[in-house]
Q: 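Below is the structure I would like to discuss, written out as structure tokens.
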2 protein chains.
Amino acid sequence: MPGATRRPVRRRADVVAAALDLLARVGLPDLTMRALGAELGVQQSAIYHHVESKQALLGAVADEILARGPRRRPRADAGPLDVLRLRCEDVRAAVLAYPDGADVVMSMWAFGLGGRSPVAEVDALLGSAGVPAEHVTTAGRTVLHFVYGHAYDEQSRAQAARAGIVTADAPADFATGLGIVLAGVRALAEDGRAGGSQPG
Amino acid sequence: MPGATRRPVRRRADVVAAALDLLARVGLPDLTMRALGAELGVQQSAIYHHVESKQALLGAVADEILARGPRRRPRADAGPLDVLRLRCEDVRAAVLAYPDGADVVMSMWAFGLGGRSPVAEVDALLGSAGVPAEHVTTAGRTVLHFVYGHAYDEQSRAQAARAGIVTADAPADFATGLGIVLAGVRALAEDGRAGGSQPG
DNA sequence: ACCTGAACACCGTTCAAGT
DNA sequence: ACCTGAACACCGTTCAAGT
């Protein structure tokens with residue numbers, strides 16, 4: 001190994017960081033424990049000293065993808081739904097920054113192994129916007145389902161195109177789709193303020 | 001030998017049907033080509049005589065899951081968005097009827113290998129509801145992203161719970177989430193009628 | 001045309017053994 | 001504590017050969 005520099009201590013964070021680098025270079029299907037071992041300069045079995053399983057590793061990768069994403073400051077006069085739109089665009093940018101990033105984050109979020117970091121702020125913004133407390137969790141999931149689902153769709157279609165599969169469909173407009181979801185959220189908030197029932 | 005008595009011919013449809021049965025019994029992770037061969041009483045390599053690859057098979061499985069789903073008749077006085085709600089509930093019922101059904105349908109749809117069957121009717125209903133033509137495709141994808149994303153979430157959490165992973169979150173309310181998306185669609189339709197810009 | 005039998009090139013995970 | 005080396009029990013896919 002010419003110029004092999006042995007790192008003093010390998011920690012879990014090193015394994016996760018190497019997994020991110022590997023994901024960026026080769027994509028999720030080639031992010032194998034063997035390839036990750038090679039990336040770290042150890043046997044694949046050594047990885048299990050730092051993470052319990054590949055799924056747990058991917059949960060940490062999902063969290064790191066979100067943590068590395070942008071976090072733009074809202075304008076001073078921005079309302080809660082304006083800030084929410086900004087956060088959704090930031091989350092989208094975060095998952096699009098890595099190949100299969102939306103796949104990793106969405107599946108780990110659904111599996112309860114990661115991807116929870118945007119939830120608290122999204123829910124808080126929905127509450128500020130006037131969404132009734134009993135519907136905040138559901139509304140937050142609806143917003144994030146759209147953001148992740150749209151990004152997943154976009155990355156999958158790009159991957160399919162690379163694999164030579166005809167898709168024929170034009171890419172869907174994120175801004176318009178998010179506008180639809182946020183308009184529905186606004187209706188739910190106004191409905192809550194008026195003391196009415198669910199939107200329908 | 002037309003008309004001659006011979007062993008039952010295995011066709012592609014038989015392979016797909018057997019894959020559905022196997023999916024129902026063991027779930028997607030255990031739906032392997034070897035297990036499918038055993039289900040059909042042939043070697044795994046024989047399956048490749050009827051389908052090009054496992055991905056192509058899963059595309060056909062996705063289409064079949066949707067085709068086997070319910071298709072309720074709308075009431076005579078139902079408007080386009082009422083019918084759309086009914087269709088969304090039907091699609092949801094279809095994918096929830098099989099373990100990992102939402103995963104299969106969503107990923108094959110995103111990959112362009114199946115799951116396209118609800119798109120035409122959803123888009124037609126959105127057009128009838130007054131969504132501007134240039135936004136119909138995007139609105140349709142937004143609706144289906146929600147339906148698939150919600151079902152995927154629900155099935156994943158159930159699977160995580162079975163695997164002993166703590167999820168803590170209550171299941172999100174489908175009716176409320178769909179109400180949010182449809183309220184946003186209505187706002188887009190009214191906006192289109194008023195000649196205004198995108199909702200926001 | 002349809003299928004077998006065997007192989008190829010991989011996986012994630014485990015574990016006794018080393019240091 | 002951290003890692004090696006080797007194995008275990010699998011994958012999807014290919015292909016010459018049979019019928």
Side-chain angles (χ1 to χ4, degrees), chain A residues 1 4-19 22-23 26-62 100 103-104 107-108 111 113-114 159-160 163-165, chain B residues 1-19 22-23 25-62 100 103-104 107-108 111 113 159-160 163-165:
Chain A
M1 302 284 179
T5 52
R6 187 172 14 158
R7 300 181 199 175
V9 180
R10 284 185 216 291
R11 293 197 249 83
R12 185 185 160 94
D14 299 320
V15 175
V16 174
L22 196 55
L23 178 65
V26 303
L28 187 58
D30 291 330
L31 174 48
T32 69
M33 298 301 262
R34 281 165 177 82
L36 183 56
E39 182 86 2
L40 286 161
V42 298
Q43 291 281 341
Q44 68 264 30
S45 55
I47 300 166
Y48 289 88
H49 231 269
H50 301 99
V51 297
E52 313 84 285
S53 64
K54 190 179 182 184
Q55 262 210 322
L57 170 66
L58 289 179
V61 166
D100 305 306
D103 189 350
V104 172
S107 57
M108 290 302 113
F111 220 76
L113 290 175
Q159 190 186 337
I165 293 163
Chain B
M1 303 275 182
T5 53
R6 57 190 300 178
R7 269 185 76 196
V9 178
R10 288 187 209 292
R11 294 199 254 69
R12 185 185 160 95
D14 299 320
V15 175
V16 175
L22 196 54
L23 178 65
R25 274 212 317 283
V26 304
L28 187 59
D30 290 331
L31 173 49
T32 68
M33 297 302 262
R34 282 165 176 81
L36 183 56
E39 183 86 2
L40 287 161
V42 298
Q43 291 281 340
Q44 67 264 30
S45 55
I47 299 166
Y48 290 88
H49 232 269
H50 301 99
V51 296
E52 313 85 285
S53 65
K54 189 178 182 183
Q55 262 209 321
L57 170 66
L58 289 178
V61 166
D100 306 306
D103 189 350
V104 173
S107 58
M108 290 302 113
F111 220 75
L113 290 175
Q159 190 185 337
I165 294 163

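In what follows, chains carry the letters A, B, and so on, assigned in the order in which the sequence lines appear, proteins first and then strands, with residues in each chain numbered from 1.
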Q: What is the distance, rounded to the nearest whole Å, between atom OH of Tyr48(B) and atom P of dA16(D)?
A: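 After rounding, the reported distance stands at 17 Å.
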Q: Without decimals, in angstroms, what is the distance between Met33(A) CE and dT14(C) P?
A: 10 Å
Q: Counting side-chain heavy atoms from C-beta on, which of dT14(C), dT4(C), dT13(D) comes nearest to Val42(B)?
A: dT4(C)
Q: Return the value, rounded to whole Å, for the distance between atom CG of Leu57(B) and atom C1' of dT13(D).
A: 14 Å
Q: Please report the distance, rounded to the nearest Å, between CZ in Arg34(B) and P in dG5(C).
A: 14 Å
Q: Counting heavy atoms from C-beta on, name the nucleotide in dG12(D), dC3(D), dC3(C) closest to the side chain of Thr32(B).
A: dG12(D)
Q: Below the 4.0 Å mark, does dG5(C) have OP1 or OP2 next to a side-chain nitrogen or oxygen of Gln43(B)?
A: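 So the side chain of Gln43(B) is within the cut-off, an N or O lying under 4.0 Å from OP1 or OP2 of dG5(C).
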Q: With rounding to the nearest 0.5 Å, note down the distance linking CE in Met108(A) to CG in Leu57(A).
A: 9.5 Å
Q: OP1 or OP2 of dA1(D) less than 4.0 angstrom from a side-chain nitrogen or oxygen of His50(A), does that happen here?
A: no
Q: Looking only at heavy atoms, which two atoms of Leu28(B) and Leu23(B) are closest? And how far apart?
A: N-CD1, 3.5 Å
Q: Paired with dC8(D) by Watson-Crick or G-U wobble geometry, both distances under 3.5 Å: which nucleotide is it?
A: dG12(C)
Q: From the set dT13(C), dT13(D), dC2(D), return the single nucleotide nearest to any side-chain atom of His49(A).
A: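 My answer, after comparing the listed nucleotides, is dC2(D).
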Q: Tell which nucleotide pairs with dC3(D), taking only Watson-Crick or G-U wobble pairs whose two distances are both under 3.5 angstrom.
A: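 Result: none.
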Q: Please report, rounded to the nearest Å, how far the P atom of dG12(D) is from the CG atom of Asp30(B).
A: 10 Å
Q: Among the candidates dT4(D), dC15(D), dA7(D), find the nucleotide nearest to the side-chain atoms of Ser45(B).
A: dC15(D)
Q: Can you check the distance between dC2(D) and dA16(C), where both ends of the measurement are the C1' atom (answer in whole Å)?
A: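 Roughly 15 Å separates the two C1' atoms.
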Q: Would you mind classifying the nucleic acid contact of Ser53(A) as base, sugar-phosphate or nothing, using non-hydrogen atoms under 4.0 angstrom?
A: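 Sugar-phosphate contact only - Ser53(A) comes under 4.0 Å of backbone atoms but never of a base.
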Q: For dA17(D), give its Watson-Crick or G-U wobble partner with both distances under 3.5 Å, or none.
A: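 Partner of dA17(D): none.
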